[in-house]
Number of protein chains: 2
Amino acid sequence: MNEGPNIALLGSLIGDPARANMLTALLSGKALTASELASVAGVTLQTTSSHLAKMEAGGLISRRRQGRHHYFSLAGEDVASVLEQIAGLAARQGHQATRTGPRDPALRQARVCYNHLAGERGVQLFDSLLARQFVAGDGEQLHVTAAGTQFLAGFGIALADISKPRRPLCKSCLDWSARRSHMAGTLGTALLGRLFALKWARRQPDSRIVTFTRTGDQRFTETFPV
Amino acid sequence: MNEGPNIALLGSLIGDPARANMLTALLSGKALTASELASVAGVTLQTTSSHLAKMEAGGLISRRRQGRHHYFSLAGEDVASVLEQIAGLAARQGHQATRTGPRDPALRQARVCYNHLAGERGVQLFDSLLARQFVAGDGEQLHVTAAGTQFLAGFGIALADISKPRRPLCKSCLDWSARRSHMAGTLGTALLGRLFALKWARRQPDSRIVTFTRTGDQRFTETFPV
DNA sequence: TTCATAGTTCGATCATAAACGAAGCATTTA
DNA sequence: TAAATGCTTCGTTTATGATCGAACTATGAA
């Protein structure tokens with residue numbers, strides 16, 4: 001009767017408000033404890049524990065024990081990508097899409113998506129690298145060109161250091177606010193990290209919003225022109 | 001409190017087994033009546049009507065009245081894409097992924113995804129067009145090259161006829177079975193239609209499976225070599 | 001007109017699962 | 001050692017929503 005995999009199970013996992021809040025919080029890429037997740041979800045610790053167990057069993061999140069703390073994070077980029085795409089659907093047909101508060105524009109501007117830069121800034125970064133042929137795309141599977149390797153080295157990212165055997169170096173990830181692709185994968189993570197290290201941008205505490213400094217904004221546009 | 005759009009609502013819509021079955025059936029791209037959907041979901045017509053109203057309000061499906069029949073179809077390619085990606089998550093972590101029955105390999109081989117070709121065949125088609133530079137990609141936004149326009153004309157597809165002002169001509173769509181991109185968009189639809197018109201392949205009744213004829217298989221690989 | 005088919009709406013039932021209190025386990029601190 | 005913290009497990013309550021029967025609307029056929 002069932003053809004293909006079990007969609008309903010995952011849907012119901014995402015479908016609960018408390019769980020959806022937790023997942024959204026985890027989209028920041030930070031690993032959060034059960035207590036922190038209970039706080040963002042607005043339910044007690046017992047309830048949270050139950051939710052976390054279900055999401056772990058469903059493969060949405062993974063757990064890392066450290067002392068008496070349990071740190072939870074999204075199971076992978078594919079999970080983050082699906083969450084962002086669902087958010088995209090909801091945003092598109094604006095309807096009951098939680099009237100855009102003051103923080104919303106900032107989210108569209110620049111935000112963390114699991115571990116890379118999303119929003120208009122993320123799209124700009126991606127487009128710039130593509131336009132100058134530093135990365136070349138065949139769909140969502142991307143690779144860095146020779147010129148790109150050199151450019152990235154100048155930017156402070158040594159590809160040899162970050163390329164892992166299995167994980168794709170860079171992939172594209174669809175953006176819900178801009179409906180465009182931005183850079184995910186190991187390279188996407190490295191780029192975001194470099195932005196922070198250079199102090200061009202910093203993450204707002206307890207939020208997915210990324211804010212650029214005055215000079216960082218300028219440098220960013222110089223380095224990644226459209 | 002809520003940052004970003006309402007994920008939980010869409011998740012819960014997808015999360016109900018009856019609705020998930022209906023959505024999966026609609027992934028075939030066919031417009032189905034309420035009665036047909038009731039049949040695939042295994043619930044009564046009343047229940048189905050309720051589900052359909054909710055999914056319509058949620059923007060997942062759209063309705064077209066024709067006489068006393070109501071035809072339902074997915075609201076758009078973005079919805080289809082999300083569904084396929086969720087299926088991909090479920091398939092990946094194999095778990096309770098409904099032990100792969102005999103039909104499963106066929107689904108991986110070639111299937112209809114909303115209105116274009118997915119599965120290994122779909123990936124092959126996409127890769128071939130990219131490798132020969134008939135389409136060029138910058139992420140998920142793709143465009144047809146001059147050489148591609150000519151090639152497609154020879155294949156029986158006149159781009160001028162199918163390009164609409166607003167809809168993107170071709171986009172990539174992530175595949176749950178192959179975890180690769182395949183061709184969606186207007187061009188993807190046209191290509192699938194051409195395969196049917198040439199009788200290289202046909203759709204299995206009441207299924208998303210696409211089967212290639214003996215000669216069709218041969219011609220397809222000749223026309224779209226890897 | 002009458003009858004049949006397709007679908008919706010209403011109301012009631014019922015089952016699932018979300019939520020929390022209480023208790024238990026594990027780890028760290030005192 | 002004892003006490004506190006972080007989290008899980010168990011058992012119960014409760015609320016949401018899926019389901020279906022019955023009644024109603026609309027289109028088509030006889």
Could you check how far [atom1] of [X] sits from [atom2] of [N], rounded to whole Å?
X	N	atom1	atom2	result
A/L9	C/dA17	CG	C1'	14 Å
A/L37	C/dA18	CG	C1'	17 Å
A/R68	C/dG24	CZ	P	20 Å
A/L13	C/dA17	CG	P	11 Å
B/H70	C/dT5	NE2	P	17 Å
A/H69	C/dT27	NE2	P	13 Å
A/N21	C/dA18	CG	P	14 Å

Relative to the 5' end of DNA chain C, which residue comes earlier, A/Q66 or A/L45, by the nucleotide with the nearest heavy atom?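 Closest to the 5' end, via its nearest nucleotide, is A/L45.
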Nearest-nucleotide wise, let me know which of A/A18 and B/S49 is further upstream toward the 5' end of DNA chain C.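 On the 5' side of the pair lies B/S49.
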Select from B/K54 and B/Q46 the residue whose nearest nucleotide in DNA chain D is closer to the 5' end of that strand.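 Nearer the 5' end of the strand: B/K54.
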Could you grab the distance from atom NE2 of A/H116 to atom CG of A/L187, nearest 0.5 Å is fine?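 With rounding to 0.5 Å, NE2 (A/H116) is 11.5 Å from CG (A/L187).
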Evaluate the side-chain proximity of A/L37 to A/F72: yes if any heavy-atom separation is below 4.5 Å, no if none is.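 Yes, close enough: below the 4.5 Å cut-off.
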Examine the side chains of B/S81 and B/E84 and answer whether a donor and an acceptor come within less than 3.5 Å of each other.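 The answer is no; no qualifying pair exists.
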NZ/NE/NH1/NH2 to OD/OE distance under 4.0 Å, B/E56 and B/R19: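 A salt bridge is absent here (no side-chain N lies under 4.0 Å from a carboxylate O).
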Kindly say if A/T47 contacts the phosphate of C/dC20, meaning a side-chain N or O under 4.0 Å from OP1 or OP2.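 True: A/T47 side-chain N/O within range (under 4.0 Å) of C/dC20 OP1/OP2.
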Is the phosphate of C/dA19 approached by A/R19 (side-chain N or O, under 4.0 Å from OP1 or OP2)?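 Answer is no, no contact under 4.0 Å.
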Is atom CZ of A/R219 surrounded by more than 12 heavy atoms (other residues, nucleotides or ligands) closer than 6.0 Å?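 Check fails, neighbour count at 12 or below.
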Could you list all the ring-ring contact (aromatic ring centres under 6.0 Å, His included) pairs where at least one residue sits in residues 188-207 of chain A, not counting sequence neighbours?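 Residue pairs with at least one partner in residues 188-207 of chain A: A/F155-A/W200.
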Quick one: list whatever passes ring-ring contact (aromatic ring centres under 6.0 Å, His included) with A/F220, sequence neighbours left out.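 By the ring-ring contact (aromatic ring centres under 6.0 Å, His included) rule, A/F220 matches A/F212, A/F224.
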What is the nucleic acid contact for B/T33, judged by heavy atoms within less than 4.0 Å: base, sugar-phosphate only, or nothing?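 Since only primed, P, OP1 and OP2 atoms lie under 4.0 Å of B/T33, the category is sugar-phosphate.
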For a quick check of understanding: with a heavy-atom distance under 4.0 Å over all strands, which category does B/R65 fall into, base, sugar-phosphate or nothing?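 If one applies the 4.0 Å heavy-atom cut-off, B/R65 turns out to touch nothing in the nucleic acid.
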Reading DNA chain D in the 5' to 3' direction, which nucleotide is the first one with an atom under 4.0 Å from a heavy atom of chain A, and which is the last?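 Contacts span D/dA4 to D/dT9, reading 5' to 3'.
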